[in-house]
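Computed over heavy atoms, backbone and side chain alike; hydrogens, waters and symmetry mates excluded.
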Amino acid sequence: MYHLTEETDDDWWEVEALYDLCFAPGREALSSYRLRDEVAPVASLSLVARDADGILAGAIRYWPIRIVEEGQDHAALLLGPVAVHPTRQGEGLGGLLIRESLARAQALGLTRVMLVGDAPYYARFGFTRLDGIKMPPPTNPERVLGYDVARGAWHGVKGVVTRVTTPITAGA
């Protein structure tokens, strides 16, 4: 049994250590990290999972982004990273973090989420490939996936993903 709570400032370094453990060295060199530079994660969707003893077992973060093309500007959320401690993998905790955070996004009236990841894994949560969405290079376009929090939210959206520094509000 895990207890999910919003990540706090006190959790920050412990979560960073988990990400370092779960991902390859140099993870911060990925193009998705350029979208996170000097940007605060979306607090209400960035969750930590702790066991009954209070030990960190998993974490997920979301970041505000924009998709811009020819005067069109669409708000979205960038999911990631999501990590589960290696000793807790295979228990469904990653799926729990994803489903719970997407439900919270819907409750907040947010409309679209994207990520860079493996389509076969994320398809089980409703993510599909986004055509016409360009992440900063060298991102593989086959790994750019989206989720409609609100039905049809990605319909007709195309452009370049850019970083923002303003907080995401309902209706994004």
Side-chain angles (χ1 to χ4, degrees), residues 6-7 12 15-16 19-20 22-48 58-84 94-172:
E6 290 181 15
E7 181 182 334
W12 181 266
V15 170
E16 285 295 308
Y19 289 150
D20 287 344
C22 292
F23 298 106
R27 68 180 169 91
E28 293 183 2
L30 297 172
S31 59
S32 58
Y33 275 83
R34 301 299 64 80
L35 299 170
R36 301 171 184 148
D37 284 341
E38 300 179 21
V39 177
V42 179
S44 57
L45 300 177
S46 296
L47 307 176
V48 295
I60 190 169
R61 286 182 179 156
Y62 284 79
W63 308 84
I65 55 170
R66 296 252 180 237
I67 293 85
V68 179
E69 182 174 78
E70 299 177 14
Q72 298 288 328
D73 185 346
H74 302 278
L77 297 167
L78 178 65
L79 185 162
V82 57
V84 174
L96 175 65
L97 286 163
I98 292 167
R99 284 188 299 278
E100 176 63 23
S101 59
L102 290 173
R104 289 180 184 209
Q106 184 176 32
L108 290 171
L110 303 171
T111 58
R112 62 184 70 85
V113 172
M114 66 166 289
L115 58 80
V116 178
D118 295 325
Y121 177 79
Y122 288 102
R124 71 182 86 179
F125 305 107
F127 283 85
T128 58
R129 184 165 180 261
L130 290 175
D131 292 317
I133 302 297
K134 299 173 188 89
M135 282 284 292
T139 305
N140 177 348
E142 298 291 321
R143 295 175 54 83
V144 178
L145 309 175
Y147 177 84
D148 288 333
V149 179
R151 181 174 291 177
W154 282 107
H155 180 74
V157 176
K158 61 182 181 173
V160 177
V161 179
T162 61
R163 67 186 279 282
V164 297
T165 55
T166 56
I168 289 287
T169 57

Note, [X] side chain near [Y] side chain (heavy atom, < 4.5 Å):
X: Pro64; Y: Val42; value: yes
X: Arg112; Y: Val149; value: no
X: Trp12; Y: Ser46; value: no

Check [X] against [Y] and note the closest heavy-atom contact, atom names and distance.
X: Gly94; Y: Val84; answer: N-CG2, 3.5 Å
X: Ile67; Y: Ala76; answer: CD1-CB, 3.6 Å
X: Ala83; Y: Phe23; answer: CB-CE1, 3.8 Å
X: Gly80; Y: Trp63; answer: O-NE1, 2.8 Å
X: Ala59; Y: Val15; answer: CB-CG1, 3.7 Å
X: Ala153; Y: Asp148; answer: N-OD1, 3.4 Å

Quiz item: Quick one: side-chain hydrogen bond (donor to acceptor under 3.5 Å, both in side chains) pairs with a partner in residues 67-79, sequence neighbours left out?
Solution: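 Residue pairs passing side-chain hydrogen bond (donor to acceptor under 3.5 Å, both in side chains), neighbours aside: none found.
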Donor-acceptor contact below 3.5 Å, side chain [X] vs main chain [Y]:
X: Thr139; Y: Pro136; value: yes
X: Arg163; Y: Asp37; value: yes
X: Tyr19; Y: Pro81; value: yes

Quick one: [atom1] on [X] to [atom2] on [Y], what's the gap to the nearest 0.5 Å?
X: Thr162; Y: Met135; atom1: OG1; atom2: CE; value: 11.0 Å
X: Leu78; Y: Ile65; atom1: CG; atom2: CD1; value: 5.0 Å
X: Leu47; Y: Glu6; atom1: CG; atom2: CD; value: 7.0 Å

Exercise. Mind jotting down which residue pairs meet the ring-ring contact (aromatic ring centres under 6.0 Å, His included) criterion with at least one end in residues 128-156? Sequence neighbours excluded, please.
Key: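 Of all non-adjacent pairs touching residues 128-156, those that pass ring-ring contact (aromatic ring centres under 6.0 Å, His included) are Phe127-Tyr147.
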Practice problem: Dump the intermediate steps for side chain to side chain contact (heavy atoms under 4.5 Å, CB included) on Phe125 and Val113, then the final yes or no. | Solution: CA-CA 12 Å; Phe125 305 107; Val113 172; over 6 Å; no
Just list the side-chain donor-acceptor pairs under 3.5 Å for residues 100-110, sequence neighbours left out, or say none.
unit_1	atom_1	unit_2	atom_2	d
Glu100	OE2	Arg104	NE	2.8
Ser101	OG	Tyr62	OH	2.6
Ser101	OG	Leu97	O	2.8
Ser101	OG	Ile98	O	3.0

Self-check item: Set of side-chain contact (heavy atoms from CB on, under 4.5 Å) partners for Thr128, sequence neighbours left out
Solution: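 Thr128 satisfies side-chain contact (heavy atoms from CB on, under 4.5 Å) with no residue once adjacent residues are dropped.
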Quiz item: Taking everything shown except Arg124 itself, do over 12 heavy atoms lie less than 6.0 Å from its CZ?
Solution: yes
Self-check item: Partner set under salt bridge (Lys or Arg N to Asp or Glu O under 4.0 Å) for Arg129, not counting sequence neighbours
Solution: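 Arg129: salt bridge (Lys or Arg N to Asp or Glu O under 4.0 Å) contacts with Asp131, Glu142.
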Exercise. For Asp118, enumerate each residue passing the side chain to side chain donor-acceptor pair (under 3.5 Å) test, keeping only those at least two apart in sequence or located in another chain.
Key: Arg143
